[in-house]
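Data first, discussion second: the structure below is written as structure tokens.
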Amino acid sequence: MIKPQKNQNPLFVPDSVFSRILGGNKGGRVRNRRKLLDEVFRDIPDGVLVMDLEGKREITNPAFHRITGLSERATVDDIRKFFGKNYIVPMSHVEVKEKTLFFERHFQNSLGEKVSVAISHFFLYDDEGNIKHIVFLFRSLELASESRTEHEKVHWQLDQAALARASDLEKTNETLEAKFDTMQRDLEFLQSRKQLLQDVFENAPVGSHLVGPDGVILEANSAQLQLLGYTRQQFVGHKITDFHADEDAAADILQRLNRGEALHGYEARFKRSDGTMRTVVLDCNVLWREGQFVHARCFMTDITERSWLEEKLLKTRKGLEQDVEDQTRKLRESESHFRSIIENSTDVITIVDDKGVITYESPSLRVGFGYDPQDMIGKNAFSLVHPEDFLNVMQVFRESLATKDAVRYSEFRYLHENGTWRNIECVSRNLLGNPIVKGVVWNLRDVTERRVAEKVQRENAEQLEKAKTDFISTATHELRTPLTALQGYLSLLEKERDQFKGKETAYIGKIWRATKKLHVIVEDLLSVLRIEERKEPEIKEFSMQDLIREITAEFQTRVMQEKKILLINVSDDCMVSADHEATKKILSNLVDNAIKYTPAGGQIEVFCYREKRAAERGDIIIQVKDNGVGISKKYQGKLFAKFSRVPNPLSVKAGGTGLGLYIVKQLVEMQGGDISVESEEGRGTVFAFTLPAAALKI
Amino acid sequence: MPRSKPARDLLLGLIYGVKKILLIEDDQDLAELYEEVLASKFEVVVAFDGKKGLELARMKPDLILLDILLPEINGFELLKLLKTDPETKNIPVVVLTNLGSKNIDDDKKLAMLLGAEDYWLKAYHKPDEIVAKVTSYLPT
């Protein structure tokens with residue numbers, strides 16, 4: 001039998017053989033050929049249908065009938081009916097000339113069974129090459145047909161396998177195509193990435209190059225070339241060491257790279273093509289594969305300008321650093337200076353919080369109060385204040401807390417470590433608001449010694465005062481003593497007047513007068529002395545009207561003797577707040593003067609009344625009025641000055657010292673009063689002075 | 001008979017009923033002045049200092065005229081002594097001095113406080129006046 005062969009034509013009878021069998025080709029014996037033909041024709045499992053161009057059946061084989069189920073006696077019309085719409089109508093020559101491999105068709109055979117066949121056709125030609133016949137081959141595709149021969153089965157199986165393989169192949173093809181597509185896409189992507197990277201590499205402002213293990217430049221980007229000013233040919237392929245400015249640096253770099261070390265921020269200098277130097281920073285990464293140095297990717301950044309700026313900056317910074325150093329040194333010096341002041345000052349500086357708890361004590365605390373500064377921190381500062389001064393200190397402290405930055409002064413006693421009390425002068429400043437200090441700063445000074453000294457000084461002053469007073473007293477006494485003797489004996493002499501002659505009487509009289517003058521001068525001088533020594537008047541409330549009455553009473557005798565009139569005109573509302581003794585003296589002086597300067601027949605009047613002033617206490621006014629000789633305006637200005645005397649025969653006769661009115665004025669003013677004079681020559685005088693009135697008694 | 005004149009005079013005075021005045025005054029002139037004027041009516045004994053004064057006071061005069069500014073011992077001190085000593089405390093003492101002024105009462109107050117009868121300023125009184133004042137204290 002003819003073996004099935006794998007060839008393009010699914011027909012397992014080769015064309016050439018079949019053609020030979022049908023007489024198309026030369027060769028072969030005719031008798032045998034006919035027989036062979038019959039046998040083959042009979043036995044092949046494929047159905048064969050040979051038709052002429054008109055569509056007339058010429059030959060069919062048993063397989064055809066078997067497959068289609070058509071009887072041998074079927075006519076062309078039956079065949080047509082069988083194929084139905086699938087009937088192959090022999091068309092024109094052109095159409096028919098097309099050869100097909102096979103195509104699947106489905107029919108219903110005469111038994112009503114579904115038949116699947118693969119149909120193939122080919123052409124038979126005459127000697128002229130014209131198509132004489134069409135040969136259709138029908139191959140049943142049914143698997144479970146019992147009428148199939150083994151060949152058919154095998155062939156069919158193989159075909160199925162082939163089909164499956166084909167379909168697999170198709171699938172694989174599809175998968176592969178899909179994979180291919182993916183790969184294609186990936187590749188495209190990678191390409192684009194590569195492109196991008198290349199672009200980046202190429203266009204990066206940072207110079208980049210690739211260096212091989214021996215230092216040969218494998219690659220460089222345009223930035224790199226631009227940086228150093230070389231063309232690609234001049235750079236790539238050469239050794240990188242050629243372009244280094246420093247051999248040592250170059251060697252060092254290569255060594256490191258070969259060891260696999262990455263370089264970061266490595267500064268080096270390179271030669272430009274024009275010979276100038278550029279300072280650059282190198283960052284290199286080494287690609288290491290299987291223990292081998294593949295290449296180093298290096299980035300080069302030009303920092304020449306930067307470097308220059310950096311140098312400038314460095315200089316400036318150095319300058320600044322120097323300044324800072326100087327300042328720091330000065331600060332440290334002044335700090336140590338201040339610290340030494342604080343530490344060595346005998347003043348103690350304490351800082352307390354708003355509760356009085358100590359947050360800082362200066363070292364001089366130990367010297368000043370015997371306590372360890374460290375021990376005091378955390379303790380309350382007020383615990384060492386003398387109990388009697390405690391309230392006052394607290395008050396001052398509270399006051400200082402109330403006002404920001406308040407400065408307060410206080411004095412109190414503070415307990416020394418040895419148990420004694422020390423007098424402390426404290427100046428405090430509220431610096432709670434100050435962010436650095438955050439506390440109330442106390443500056444404490446031990447003034448115990450000073451207070452003691454002051455006390456001594458005061459006592460000395462008092463003693464001196466006393467001594468002065470004693471001196472005045474002594475002076476008074478000493479001056480008076482001889483005067484008293486003088487006056488005493490003179491008065492005795494006077495008693496013996498009758499025994500004297502006129503000359504002696506006259507002499508005695510002169511001595512007497514001189515002595516009296518001396519007496520007055522001495523008294524006045526002593527008064528002045530006393531006034532200038534005494535600062536504080538002894539103020540008390542007394543009745544002015546009563547005093548006037550008292551003084552004038554004393555003068556009444558004299559007034560009567562001198563044939564003058566002394567009157568008083570006082571209101572009952574003349575309570576004064578004044579120095580009794582001084583006022584007595586004032587009044588005495590003024591009345592005495594008034595009597596002196598009023599001739600016989602004249603009148604002296606003493607007034608006192610309250611000055612009317614709304615809403616105020618008002619003063620008491622005292623007036624001594626006389627209708628005597630008066631004082632001319634010329635002398636009124638200096639009337640109350642020391643040793644001023646109106647040149648006046650009466651005044652000379654009266655023997656004034658010129659101190660009387662001065663004393664009066666001092667005494668008046670000492671009590672807070674004023675004195676004035678109103679006078680006209682020949683028309684009398686009014687002396688008026690004021691004294692503070694006593695507080696009204698309801 | 002006591003040897004010293006003053007003492008003798010005192011004694012005589014005692015015998016004869018004349019009032020004795022002890023004058024304690026350090027200024028000689030003034031002492032003689034007062035002695036002279038007083039001698040017409042009284043027996044006068046003079047002491048020139050405090051110590052002598054105390055001594056003579058023990059002889060129990062009828063009146064002591066006391067000056068304040070004395071050597072060695074202060075007049076006030078002496079006054080205090082006189083008034084505390086049981087022998088002399090009953091003798092009236094009048095301060096006769098130039099200390100202070102007419103208007104200053106402090107010394108006068110002090111003297112009165114210490115037990116003096118009065119306080120006279122020599123400078124302001126004629127000797128006759130002094131005699132009159134003394135007489136008022138010593139009825140004869």
Side-chain angles (χ1 to χ4, degrees), chain A residues 466 469-496 512 515-516 518-531 533-534 537-538 540 547 550-551 554 579-589 592 663-664 667, chain B residues 23-41 44 46 48-50 65-77 95-111 119-134:
Chain A
K466 191 158 173 293
T469 319
D470 287 347
F471 166 72
I472 292 168
S473 299
T474 317
T476 315
H477 187 271
E478 294 308 305
L479 282 167
R480 280 181 184 155
T481 304
L483 268 172
T484 314
L486 267 170
Q487 284 179 301
Y489 281 111
L490 276 168
S491 84
L492 285 180
L493 264 177
E494 244 209 319
K495 283 210 304 206
E496 312 289 321
W512 183 239
T515 311
K516 268 183 118 159
L518 187 61
H519 177 76
V520 169
I521 289 168
V522 165
E523 289 303 311
D524 280 348
L525 267 171
L526 290 170
S527 293
V528 169
L529 258 178
R530 231 172 284 112
I531 285 165
E533 278 312 301
R534 192 206 307 224
E538 259 181 63
K540 69 172 181 214
L547 183 66
E550 187 189 317
I551 300 290
E554 281 178 21
D579 185 312
H580 184 92
E581 201 190 299
T583 313
K584 227 165 139 183
K585 182 118 182 115
I586 295 164
L587 212 49
S588 297
N589 267 20
D592 186 59
I663 291 167
V664 161
L667 288 174
Chain B
L23 174 66
I24 308 174
E25 169 64 61
D26 65 325
D27 185 76
Q28 203 167 8
D29 291 327
L30 284 177
E32 282 176 18
L33 172 69
Y34 290 122
E35 198 190 5
E36 198 181 310
V37 291
L38 286 167
S40 56
K41 284 206 176 146
V44 182
V46 180
F48 290 107
D49 60 71
L65 289 173
L66 177 62
D67 188 18
I68 296 299
L69 251 60
L70 297 168
E72 286 172 40
I73 191 168
N74 185 303
F76 288 118
E77 292 284 335
V95 172
L96 181 66
T97 181
N98 267 329
L99 196 65
S101 84
K102 216 164 161 186
N103 293 325
I104 291 175
D105 296 317
D106 293 344
D107 294 324
K108 185 172 179 185
K109 278 189 199 142
L110 181 59
Y119 187 97
W120 302 329
L121 285 165
K122 284 179 269 184
Y124 288 95
H125 301 286
K126 289 189 184 155
D128 289 345
E129 288 167 19
I130 302 288
V131 175
K133 279 168 150 5
V134 168

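Convention: sequence-line order gives letters A, B, ...; per-chain numbering from 1. Computed from a predicted model, the values in this text were never measured in an experiment.
Legend: residues meeting side-chain contact (heavy atoms from CB on, under 4.5 Å) with B:Glu77, ordered by chain and number and at least two apart, are B:Ile73, B:Asn74, B:Lys80. Remark: B:Glu32 pairs with no residue by the salt bridge (Lys or Arg N to Asp or Glu O under 4.0 Å) rule, at least two apart or across chains.
Once rounded to the nearest 0.5 Å, the distance linking NZ of B:Lys126 with NZ of A:Lys495 reads 10.5 Å.
Heavy-atom distances place the side chain of A:Ser491, and not its backbone, under 4.5 Å from chain B.
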Under the side-chain contact (heavy atoms from CB on, under 4.5 Å) criterion, do B:Tyr124 and A:Arg480 qualify, and how do the steps go? CA-CA 10 Å; B:Tyr124 288 95; A:Arg480 280 181 184 155; 3.9 Å; yes
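The greatest number of non-hydrogen atom pairs below 4.5 Å with chain A, out of B:Ile68, B:Thr97, B:Ile130, B:Asp67, is found for B:Asp67. Among A:Leu479, A:Leu492, A:Leu490, the residue making the largest number of heavy-atom pairs under 4.5 Å with chain B is A:Leu492.
Heavy atoms only, all atoms of each residue included: B:Tyr34 and A:Thr484 are closest at OH-CG2, 3.5 Å.
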